[in-house]
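So the structure is just underneath, and the comments pick up after that.
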Amino acid sequence: MLKINNTGLFCNRELMKVRSAVFEKSVTKVKDCPSTGFPEVAFIGRSNVGKSSLINLLFERKKLAKTSATPGKTQTINYFLINRNWCAVDLPGYGWAKVSRDKKLAWSGFVREYLLSRENLMCLFVLLDIRLEPQPIDLQFLNWTVEQKIPIALVFTKSDKLPKNKIIGAVEKYESELKKHWEFLPEIFITSAEDKTGRNDLLIYIDSILKD
Ligand code: GTP
Ligand code: MG
């Protein structure tokens with residue numbers, strides 16, 4: 001059975017209120033990440049998949065995270081302090097062809113280090129464009145996160161761009177690909193920054209992680 005959370009799995013749980021959401025800082029070195037010790041969740045995925053848009057959707061702030069139609073907009077680790085007690089982290093996208101080799105290496109360096117060393121990272125949301133077939137770069141990245149025991153959840157983005165009757169099929173395709181290598185599937189969310197699909201489920205899930 002599909003384990004998608006937009007089915008109302010969490011319908012009995014109360015929705016977290018976003019009382020405050022403020023940009024805290026941008027860093028390119030893990031040692032510069034905030035030392036407050038607040039729990040954090042991070043968002044990663046291919047350039048242009050919709051990471052920054054999803055953050056704006058979650059916190060209902062149109063310009064909190066900078067979005068762009070041109071891939072490669074987010075190039076730093078961006079911290080947002082939410083409700084003064086936890087952080088959302090917007091990470092640079094991977095797989096942007098136009099960036100120079102040097103820059104690519106630097107990014108993969110600090111993002112990798114962040115993912116491997118950040119002890120207060122409670123969940124890494126890996127974003128996938130629901131319109132695309134499973135892509136090698138995403139599968140490679142996902143397999144790496146599991147090898148490294150990084151806690152992940154999958155978030156399909158841009159569901160408004162796919163006819164409703166194609167959504168489940170697109171997710172199932174991904175699931176069968178992942179099941180080739182994985183015994184267990186992570187939580188899966190379907191979202192749209194356009195029509196707000198998935199916002200409540202994601203917030204409820206984050207709330208449950210933070211309370212664990
Ligand atoms: P980088 O920072 O460059 O890695 O990109 P990103 O993953 O942060 O993507 P961003 O949020 O900047 O969005 C990229 C483009 O996709 C923008 O033009 C957004 O308006 C668009 N977009 C993002 N999410 C959605 C969505 O759910 N639906 C639709 N239709 N467009 C979206
Ligand atoms: Mg971005």
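In this text, all values refer to a predicted model and were calculated from it rather than measured experimentally. Note that ligands are numbered from 1 as they come in the structure, with each ligand's atoms numbered from 1 the same way.
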Next on the checklist: Check Glu194 with Lys158, please: is the shortest side-chain N to carboxylate O separation under 4.0 Å?
Outcome noted: no
Next on the checklist: Pairs of nitrogen or oxygen atoms closer than 3.5 Å, one from Lys158 and one from ligand 1: do any exist?
Outcome noted: yes
Checklist entry - By number and element, which atoms of ligand 1 are closer than 4.0 Å to a non-hydrogen atom of Gly93? => result 4 (O)
Checklist entry - Should one rank Pro92, Ser68, Ser159, Gly50 by closest heavy-atom distance to atom 15 (C) of ligand 1, which comes out on top? => result Ser68
Item to check | Full working for side chain to side chain donor-acceptor pair (under 3.5 Å) between Thr157 and Asp129 | outcome: CA-CA 5 Å; Thr157 61; Asp129 187 326; 5.0 Å; no
Checklist entry - Checking Lys25 side chain against Asp32 main chain: does a donor-acceptor pair fall under 3.5 Å? => result yes
Next on the checklist: Using a 3.5 Å distance criterion without hydrogens, assess whether the side chain of Thr191 forms a donor-acceptor pair with backbone atoms of Phe156.
Outcome noted: yes
Next on the checklist: Less than 4.5 Å apart, side chain to side chain, heavy atoms only: is that true for Val89 and Asn78?
Outcome noted: no
Item to check | Sub-4.0 Å atoms of ligand 1 with respect to non-hydrogen atoms of Asp160 | outcome: 26 (C), 27 (O), 28 (N), 29 (C), 30 (N)
Checklist outcome for this item: Ser47 heavy atoms within 4.0 Å reach ligand 1 at atoms 4 (O)
Checklist entry - Any side-chain donor paired with an acceptor under 3.5 Å for Asn120 and Arg118? => result yes
Checklist entry - Between Leu57 and Ser192, what is the shortest heavy-atom contact and its length? => result CD2-O, 3.6 Å
Checklist entry - Closer than 4.0 angstrom: is that true for some heavy atom of Gly45 and an atom of ligand 1? => result no
Checklist entry - Would Glu133 and Tyr174 count as having a side-chain donor-acceptor pair, cut-off 3.5 Å? => result no
Item to check | Ser53 N/O to ligand 1 N/O under 3.5 Å | outcome: yes
Next on the checklist: Checking the N or O distance criterion of under 3.5 Å, is ligand 1 in contact with Asn48?
Outcome noted: yes
Checklist entry - Which atoms of ligand 1 sit under 4.0 Å from any heavy atom of Ser192? => result 27 (O)
Next on the checklist: Using a 4.0 Å cut-off to any heavy atom of Ala69, which atoms of ligand 1 qualify?
Outcome noted: 18 (O)
Checklist entry - Do you know which of Phe43, Phe23, Trp86 makes ring-ring contact (aromatic ring centres under 6.0 Å, His included) with Phe59? => result Trp86
Next on the checklist: Would Ser52 count as a polar contact of ligand 1, with the cut-off being nitrogen or oxygen pairs under 3.5 Å?
Outcome noted: yes
Checklist entry - Can you tell me if an N/O/S atom from Ser53 lies under 2.8 Å from the Mg ion (ligand 2)? => result no
Item to check | Backbone or side-chain N or O of Lys51 under 3.5 Å from ligand 1 N or O | outcome: yes
